Amino acid sequence: WWFVPFINLFRGHTIVKELWEGSHSQTLQVSDAKKAPKLLDYWWAGWLISGILARISGRLISGDSPTLDDFKNSAYLGIVASVASLLAGFLAIRIIKTISDAQATKRQQIRRDLHSSTPTPPTTDLEPPSV
(Lines give C-alpha, C1' and ligand atoms only; values in the text may rest on other atoms or scores of the structure.)
Protein backbone atom coordinates (compact mmCIF):
# COMPACT_ATOMS: atom_id res chain seq x y z
CA TRP A 1 0.00 0.00 0.00
CA TRP A 2 2.95 2.34 0.50
CA PHE A 3 3.51 2.52 -3.27
CA VAL A 4 -0.08 2.76 -4.55
CA PRO A 5 -0.90 6.35 -5.55
CA PHE A 6 -3.53 8.14 -3.45
CA ILE A 7 -4.16 5.07 -1.28
CA ASN A 8 -0.70 5.58 0.24
CA LEU A 9 -1.94 8.88 1.67
CA PHE A 10 -4.09 7.15 4.28
CA ARG A 11 -3.56 3.38 4.21
CA GLY A 12 -0.12 3.50 5.86
CA HIS A 13 -1.61 5.14 8.94
CA THR A 14 -4.36 2.52 9.06
CA ILE A 15 -1.85 -0.32 8.82
CA VAL A 16 0.31 1.03 11.65
CA LYS A 17 -2.79 1.73 13.76
CA GLU A 18 -4.00 -1.86 13.31
CA LEU A 19 -0.52 -3.14 14.16
CA TRP A 20 -0.49 -0.98 17.30
CA GLU A 21 -3.93 -2.12 18.44
CA GLY A 22 -3.20 -5.78 17.72
CA SER A 23 0.07 -5.58 19.62
CA HIS A 24 -1.54 -3.90 22.62
CA SER A 25 -4.64 -6.08 22.91
CA GLN A 26 -4.99 -8.17 26.05
CA THR A 27 -6.08 -11.19 24.06
CA LEU A 28 -5.54 -12.34 20.52
CA GLN A 29 -8.58 -10.29 19.46
CA VAL A 30 -7.78 -6.82 18.14
CA SER A 31 -11.15 -5.56 19.38
CA ASP A 32 -9.84 -5.88 22.95
CA ALA A 33 -7.04 -3.39 22.32
CA LYS A 34 -6.72 0.02 23.77
CA LYS A 35 -7.01 2.76 21.19
CA ALA A 36 -3.91 3.92 19.37
CA PRO A 37 -2.43 7.13 20.80
CA LYS A 38 -2.28 10.52 19.11
CA LEU A 39 1.41 9.78 18.57
CA LEU A 40 0.42 7.86 15.43
CA ASP A 41 -1.51 10.85 14.12
CA TYR A 42 1.43 13.18 14.74
CA TRP A 43 3.80 10.77 13.00
CA TRP A 44 1.51 10.48 9.99
CA ALA A 45 0.97 14.26 9.81
CA GLY A 46 4.74 14.80 9.87
CA TRP A 47 5.20 12.17 7.19
CA LEU A 48 2.57 13.75 4.91
CA ILE A 49 3.71 17.33 5.53
CA SER A 50 7.33 16.48 4.77
CA GLY A 51 6.37 14.75 1.53
CA ILE A 52 4.08 17.52 0.35
CA LEU A 53 6.54 20.30 1.18
CA ALA A 54 9.41 18.45 -0.46
CA ARG A 55 7.39 18.10 -3.68
CA ILE A 56 6.45 21.79 -3.64
CA SER A 57 10.06 22.71 -2.97
CA GLY A 58 11.20 20.76 -5.99
CA ARG A 59 8.51 22.21 -8.24
CA LEU A 60 9.50 25.79 -7.40
CA ILE A 61 12.81 25.42 -9.21
CA SER A 62 11.79 22.97 -11.92
CA GLY A 63 10.60 25.64 -14.36
CA ASP A 64 12.50 26.97 -17.35
CA SER A 65 13.94 30.02 -15.66
CA PRO A 66 13.68 29.95 -11.86
CA THR A 67 14.51 33.19 -10.11
CA LEU A 68 16.65 33.74 -7.05
CA ASP A 69 13.47 34.08 -4.99
CA ASP A 70 12.33 30.69 -6.29
CA PHE A 71 15.60 29.14 -5.12
CA LYS A 72 15.32 30.81 -1.70
CA ASN A 73 11.71 29.75 -1.23
CA SER A 74 12.57 26.25 -2.36
CA ALA A 75 15.41 26.11 0.16
CA TYR A 76 13.16 27.32 2.99
CA LEU A 77 10.48 24.79 2.13
CA GLY A 78 13.15 22.11 1.86
CA ILE A 79 14.38 22.93 5.36
CA VAL A 80 10.86 22.78 6.80
CA ALA A 81 10.24 19.51 4.95
CA SER A 82 13.47 18.09 6.37
CA VAL A 83 12.57 19.10 9.91
CA ALA A 84 9.11 17.53 9.51
CA SER A 85 10.76 14.41 8.13
CA LEU A 86 13.17 14.23 11.08
CA LEU A 87 10.34 14.62 13.56
CA ALA A 88 8.32 11.95 11.77
CA GLY A 89 11.39 9.71 11.84
CA PHE A 90 11.87 10.13 15.59
CA LEU A 91 8.18 9.41 16.17
CA ALA A 92 8.39 6.35 13.90
CA ILE A 93 11.32 5.02 15.95
CA ARG A 94 9.32 5.50 19.15
CA ILE A 95 6.25 3.83 17.64
CA ILE A 96 8.27 0.86 16.39
CA LYS A 97 9.97 0.42 19.78
CA THR A 98 6.64 0.57 21.61
CA ILE A 99 5.01 -1.93 19.25
CA SER A 100 8.03 -4.23 19.48
CA ASP A 101 7.98 -4.11 23.30
CA ALA A 102 4.23 -4.80 23.35
CA GLN A 103 4.67 -7.78 21.04
CA ALA A 104 7.48 -9.16 23.21
CA THR A 105 5.29 -8.84 26.31
CA LYS A 106 2.39 -10.49 24.52
CA ARG A 107 4.65 -13.31 23.30
CA GLN A 108 5.83 -13.93 26.88
CA GLN A 109 2.23 -13.94 28.09
CA ILE A 110 1.21 -16.47 25.44
CA ARG A 111 4.18 -18.71 26.32
CA ARG A 112 3.36 -18.46 30.02
CA ASP A 113 -0.28 -19.34 29.32
CA LEU A 114 0.77 -22.30 27.18
CA HIS A 115 3.11 -23.65 29.82
CA SER A 116 0.60 -23.23 32.61
CA SER A 117 -2.07 -25.12 30.66
CA THR A 118 0.23 -28.00 29.68
CA PRO A 119 -0.52 -31.01 31.85
CA THR A 120 2.36 -32.50 33.78
CA PRO A 121 3.38 -35.96 32.63
CA PRO A 122 2.22 -38.80 34.87
CA THR A 123 4.78 -40.40 37.12
CA THR A 124 5.51 -44.08 36.84
CA ASP A 125 6.52 -46.64 39.38
CA LEU A 126 9.80 -47.22 37.53
CA GLU A 127 11.49 -44.27 39.17
CA PRO A 128 14.13 -45.16 41.76
CA PRO A 129 13.10 -44.50 45.33
CA SER A 130 14.32 -41.24 46.75
CA VAL A 131 16.80 -41.37 49.58
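This is a predicted model, so every value here is computed, not measured. These values consider heavy atoms only, across backbone and side chains, with no hydrogens, waters or symmetry-generated copies.
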Rounded distance (nearest 0.5 Å) linking atom [atom1] of [X] with atom [atom2] of [Y]:
| X | Y | atom1 | atom2 | value |
| --- | --- | --- | --- | --- |
| Tyr76 | Leu60 | OH | CG | 13.0 Å |
| Leu86 | Leu91 | CG | CG | 11.0 Å |
| Ile79 | Leu53 | CD1 | CG | 12.0 Å |
| Asp101 | Lys97 | CG | NZ | 3.5 Å |
| Ile52 | Leu77 | CD1 | CG | 12.0 Å |

Would you say OH of Tyr42 has more than 12 non-hydrogen atoms from neighbouring residues, nucleotides or ligands within 6.0 angstrom?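 Open.
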
Is Trp44 atom CH2 crowded by more than 12 heavy atoms from other residues, nucleotides or ligands, each under 6.0 Å away?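 Atom CH2 in Trp44 is packed in, count exceeds 12.
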
Is there a donor-acceptor contact under 3.5 Å from the side chain of [X] to the main chain of [Y]?
| X | Y | value |
| --- | --- | --- |
| Lys17 | Gly12 | no |
| Ser62 | Arg59 | yes |
| Ser100 | Ile96 | no |
| Trp43 | Gly89 | no |
| Ser74 | Asp70 | no |
| Ser85 | Ala81 | no |

Below 4.5 Å, heavy atoms only, C-beta onward: do [X] and [Y] meet side chain to side chain?
| X | Y | value |
| --- | --- | --- |
| His13 | Leu40 | yes |
| His24 | Thr98 | yes |
| Trp20 | Pro37 | yes |

Between Leu39 and Leu48, is there shared hydrophobic-cluster membership here, with clusters defined by ILVMFWY side-chain heavy atoms closer than 4.5 Å?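 Yes, it is one cluster - the side chains of Leu39 and Leu48 are joined through contacts under 4.5 Å.
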
Please check if Leu87 and Trp47 belong to a single hydrophobic cluster, counting links between Ile, Leu, Val, Met, Phe, Trp and Tyr side chain heavy atoms closer than 4.5 Å.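 Cluster IDs for Leu87 and Trp47 differ.
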
Can you give me the closest heavy-atom contact between Lys106 and Ser23, atom names plus distance?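 What the structure gives for the nearest pair is CD-O, 4.0 Å.
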
Flag for Thr67-Lys72: side-chain donor and acceptor within less than 3.5 Å: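 The criterion, which ignores hydrogens and geometry beyond distance, is not satisfied for Thr67 and Lys72.
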
